[in-house]
Amino acid sequence: MSNQKKRNFQIEAFKHRVVVDPKYADKTWQILERAIHQIYNQDASGLSFEELYRNAYNMVLHKFGEKLYTGFIATMTGHLKEKARLIEAAQGGAFLEELNKKWNEHNKALEMIRDILMYMDRTYIESTKKPHVHPMGLSLWRDNVVHSPRIHTRLLNTLLDLVYKERTGEVIDRGLVRNVTKMFMDLGESVYQDDFEKPFLEASSEFYKVESQEFIESCDCGDYLKKAEKRLTEEIDRVGHYLDAKSEDKITSVVEREMIANHMQRLVHMENSGLVNMLLNDKYEDLGRMYSLFRRVTNGLATVRDVMTSHLREMGKQLVTDPEKSKDPVEFVQRLLDERDKYDKIISTAFGNDKTFQNASNSSFEYFINLNTRSPEFISLFVDDKLRKGLKGIADVDVEVILDKVMMLFRYLQEKDVFEKYYKQHLAKRLLSGKTVSDDAEKSLIVKLKTECGYQFTSKLEGMFTDMKTSEDTMRGFYGSHPELSEGPTLTVQILTTGSWPTQPAVPCNLPAEVSVLCEKFRSYYLGTHTGRRLSWQTNMGTADIKAVFGKGQKHELNVSTFQMCVLMLFNNSDRLSYKEIEQATEIPAPELRRCLQSLACVKGKNVIKKEPMSKDIGEDDLFVVNDKFTSKFYKVKIGTVVAQKETEPEKQETRQRVEEDRKPQIEAAIVRIMKSRKILDHNNIIAEVTKQLQPRFLANPTEIKKRIESLIERDFLERDNTDRKLYRYLA
Amino acid sequence: SDSITSSTTDLFRSGPSKATSKEMDRIDHLFNQYANTSSNLIDPEGIEELCSNLEVPHTDIRILMLAWKMKAEKQGYFTQEEWTRGLKALRADTLSKLKKALPELEKEVRRQSNFADFYAYAFRYCLTEEKQKSIDIETICQLLDIVMGSTFRAQVDYFVEYLKIQNDYKVINMDQWMGFYRFCNEISFPEMTEYNPELAWPLVLDSFVEWISEKQA
C-alpha cells in the first residue's frame, strides 16, 4: 500500500468554465421561479423537466445552492399563503373540501418541484443539513395553511363537529374526513396528535360523560350496557373508517372510562336490573355483555365477581339454613343441584368459562353447603333416593350425569367422613332390603368415590357388595344340601362380615318356631362349612313375605319386616292379644315393637290388624285383633315400618359422636406422621399441616388437634421443648 | 470444738473419718427413732411424729421441701438412703439442727433455679400408683395451694375455683401442671394481655383464661 510512489497517476478534476456572466444566477433562478409558478397554476404541461433540472443542477454546481434553496422556499410560501386565503374564503361545508383539494394540489406540485430540485436535495441540502425539499414543503403547508390563524381552530371545530354529527345519527362524508386526518398524519404524528387527536379525545370524553350520565339516569342496567356496547363498536368502526389505527386504543379507553369504569358500582348494584337481578332471572345475554364490557376496565371483573360471590353466598346460606327447605332432604339436594347447574350455565355461556369465576362459584358453594351440618347426610339420602327408585327407567347415560353432579356436591363437603358414615348406612339398607335399582349405578358411584377419596374410603363399601354375592352362593349350597326343605317356608340369609357393615346392635327377638328351626339348620350348615366363625342374627334388619287369609277368605301376600312377621305369626294361635302378651312372646324391644305395631294397625289401607282403642299411638294397655275386613286392590301388600327417613335428633347426635370418635385416631396418626418426619415443629405449623393432611376427609378442629397433641405428650410420643414452649419434639 | 480437732486429725488418716462416721451414726440414730422397725422405713406415722417434734404441720411446704432435698420417691415414706442423703446435705444430724436448717432449705428451694424443679417434683411426689400419670383435681388444688399459694395467690385462687366448677377435666397431668407454672411466671395477672391461645398452651389454660375473661366481662 505504501509503495504507490513509483507511478503516481493523477486524474485531474474536470474544470468548469468559470461563469463570467454576473447575472447568471438571477437569470437561472427566474426560469426556475417561473416554472414553480406554472406548476402551482397547473400549467406545467409546457415545461421541460430536463431543462429545469439542468438549470437547478448548474446553480448548485456554481455555488448558488443557497439562493436556489431560499428562493424555492419563498416562492412556495407565497403560493401557500394564497391557497390559505382561498381555503379561508370557502363557506360552510365547502371549507373542508377546499382544504382537501388544495392539499392534493400542493402534494402534486411538491412532487414535481422536488424532482426538479433533486440535485440540490442530494448535494447542497445534504451538506448543509437543511430540511429536504419534500419535508420542507410539508412544513410550509403546515405553517402557512394548517396553522394559519383563521384555519387552525376552524379546521378542528369542523372535524369535531362532523364527529359529533355522526355520533348523533347524521351521515357525513367519511372519505373527506379520512383525507384530512391522513393529511395530519402526513404532516407528522405529532401534528395528528396535537392538532386533532388530543382535542378529539377530550371532546369524546366530554360527550360520553354527558351521555353516560343521561343513560344511567334513564336506562336500566341491561339497556345501558347495550348502549355502551353499541358506542364502543361505533368508535372502533370510526377508527377503521377515518382515523389513524393508533387511535383505537385511546378512544376505546375513553369510552370504557366514561361509560363503564365511572359507573361500575352503580351499574352492578342497579336496583331491579343490576347484576343480582340478571343472575336471578338468568339473563345470559346481559350477563355476557356485562362480562365483556367490564373485563375492559381495571377491577371490572373483580367487581362483577365480588357481587356474584356475595349474592351466591347469601342465597346459598338462606337455602341451606331455612328449616322449611331442609324438611325434605331430596328436595334440599335437588335445589343445590339446580343452583349449581344454573351457575355452571351462567359461567359457561356468559362468563366465557372464566376460571376465576368458576373458583368463586366453587368456593361459595363450599362455604354454604357446609353451613348446614346435615348436608352430608342429605346428599347421601339423595343418592339413596335416586338409587332406590328415582333412576328407574332412566338411561344409563343420564344416571351417570346425575351421579357426576352429586359428586360435584360431594367435593364441596368438608366432612367427607360424615358422608361416608351415612352412605354406608344407606347402602346397607338398600342392599339388604333388595331395593337397589341398578348394580351398575351403585358400582359406578363407588368407583367415583374411590377416584375422589382413595381405596380406604370405599374398601368397606366394596366389602358389602362381596358379602351380597357370597351370600347368594351360600344359600344355593344350603338348599342343595337340604333338598327336603323345598316345602315349607324359605329362608334367605345374608351373611354380613363384621366391620364392613355399619355397626348396629343386634336386637334379639323370639322367632316363630317354623323359622327358628330353619335358622338352626342353616347355622349348623354354615358353621360346618366355615370353621372358627360366629353367627349372630340381626333380626332387626330382615324382611319376610307371608301369606295371609282374612275373614271372608281374602288372600294376600304381605311383605313385612322380621319383627312384624313375629307379631303376625302369633295370631295363628290366638284371635286377640294384648300389647303385654305380644311383648312377652316376641321379646322385641319396646320402641321397635311400637313402631312395628303402629305400621300394622294404624296405617290406612295396610291395617291388617285392629287396635282397641282406635288411636294413632300404641299404648301399653292396647288390645290387638286380626282385621277380618281387611281389603286391598293388590294381592301383594307391602307394609313398611314407620321410619323416619332423616335421622332423629338423638340419632344424629349419636352419629356425630361416632364420627368424632373415629376422627381422634386419624388426627393422632396425622400428628405422629408429621412429627416423625419433622422431628421438631412449632404449634401453628403442626395445626396447619394436620389440617391440610386431613382436608380430603374432614376439617379438623384446631382445639381437637390440640387435645390430641396433649394426649400424645401424656403418652410420651411428643414433648415440649424446654426453652421454646411453642416447639414440640418427637420422641422416637 | 471437739469436731474441729477431729477434722484436723482427718488429714492424717485415710478411710472414713471418725467424725463423719460419728455424724453418720447420729443420722442413723435419728432415722431409727422415727422408722418403723419391721419395714425399716419412716412411714406416715413416723413423719407425723417427726413433724410434731419439728413443730411444723405435716402439710407445711417445708416438709415437701425436705422430701425434695432427700429426693424421696414415695409419698409418705422416707427410706434410710433418702433420709441420709437429705440430712447429710443439710448438715443436720440432730433434731435441733434439722429444725434450724429448715429456713435455709426454704431459701434454697425458692431460688429461681431450683423452684421449677421443686414444682415438678411436687407433682411427681403425689403420683402414688404404678404408671399413674395424672392427679385428681382435689389433690391438685391442695398441692397448688401449698406450693404456689404464697407466691401467686390470685392465680392459684382463680385456677382452683375454675378447676372445681369445670367438667372437662377430672385429672391434671404433668404437662398441664407445668403449663400453670409457666402461666404464673410469664403472664401478668389479671390482665393476661400477653396470653395468646395460639402459642401452644395446654388447652386447660385456654379454657381457664376464657373463663376468667367471661367472668371479667
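Residue numbers start from 1 in every chain, and the chains themselves are labelled A, B, ... in the order their sequence lines are given, proteins ahead of strands.
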Within 6.0 angstrom of [X] [atom1], more than 12 heavy atoms from elsewhere:
{"X": "B/Q33", "atom1": "CD", "answer": "yes"}
{"X": "B/Q216", "atom1": "CD", "answer": "yes"}
{"X": "A/Y730", "atom1": "OH", "answer": "yes"}
{"X": "A/K652", "atom1": "NZ", "answer": "yes"}
{"X": "B/H58", "atom1": "NE2", "answer": "no"}
{"X": "A/K676", "atom1": "NZ", "answer": "no"}
{"X": "A/K424", "atom1": "NZ", "answer": "yes"}
{"X": "B/E81", "atom1": "CD", "answer": "no"}

**Request:** Heavy atoms only: give me the nearest A/R720-B/A200 pair and the separation to one decimal.
**Result:**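 Smallest heavy-atom distance, with atoms named: NH1-O, 2.7 Å.
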Straight-line distance of [X] [atom1] to [Y] [atom2], nearest 0.5 Å:
{"X": "A/K707", "Y": "B/D168", "atom1": "NZ", "atom2": "CG", "answer": "6.5 Å"}
{"X": "B/L203", "Y": "A/I705", "atom1": "CG", "atom2": "CD1", "answer": "11.5 Å"}
{"X": "A/I709", "Y": "B/D175", "atom1": "CD1", "atom2": "CG", "answer": "10.5 Å"}

**Contacting region of A/K706 [heavy-atom separation from chain B under 4.5 Å]** =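 Contact with chain B is through the side chain of A/K706 alone.
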**Item:** Contact listing (chain A partner; residues 122-143 of chain B; heavy atom under 4.5 Å)
**Value:**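 The stretch touches chain A at B/K133, B/S134.
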**Request:** Determine, stepwise, if the pair B/M174 / A/I713 fulfils side chain to side chain contact (heavy atoms under 4.5 Å, CB included).
**Result:** CA-CA 9 Å; B/M174 181 62 134; A/I713 290 177; over 6 Å; no
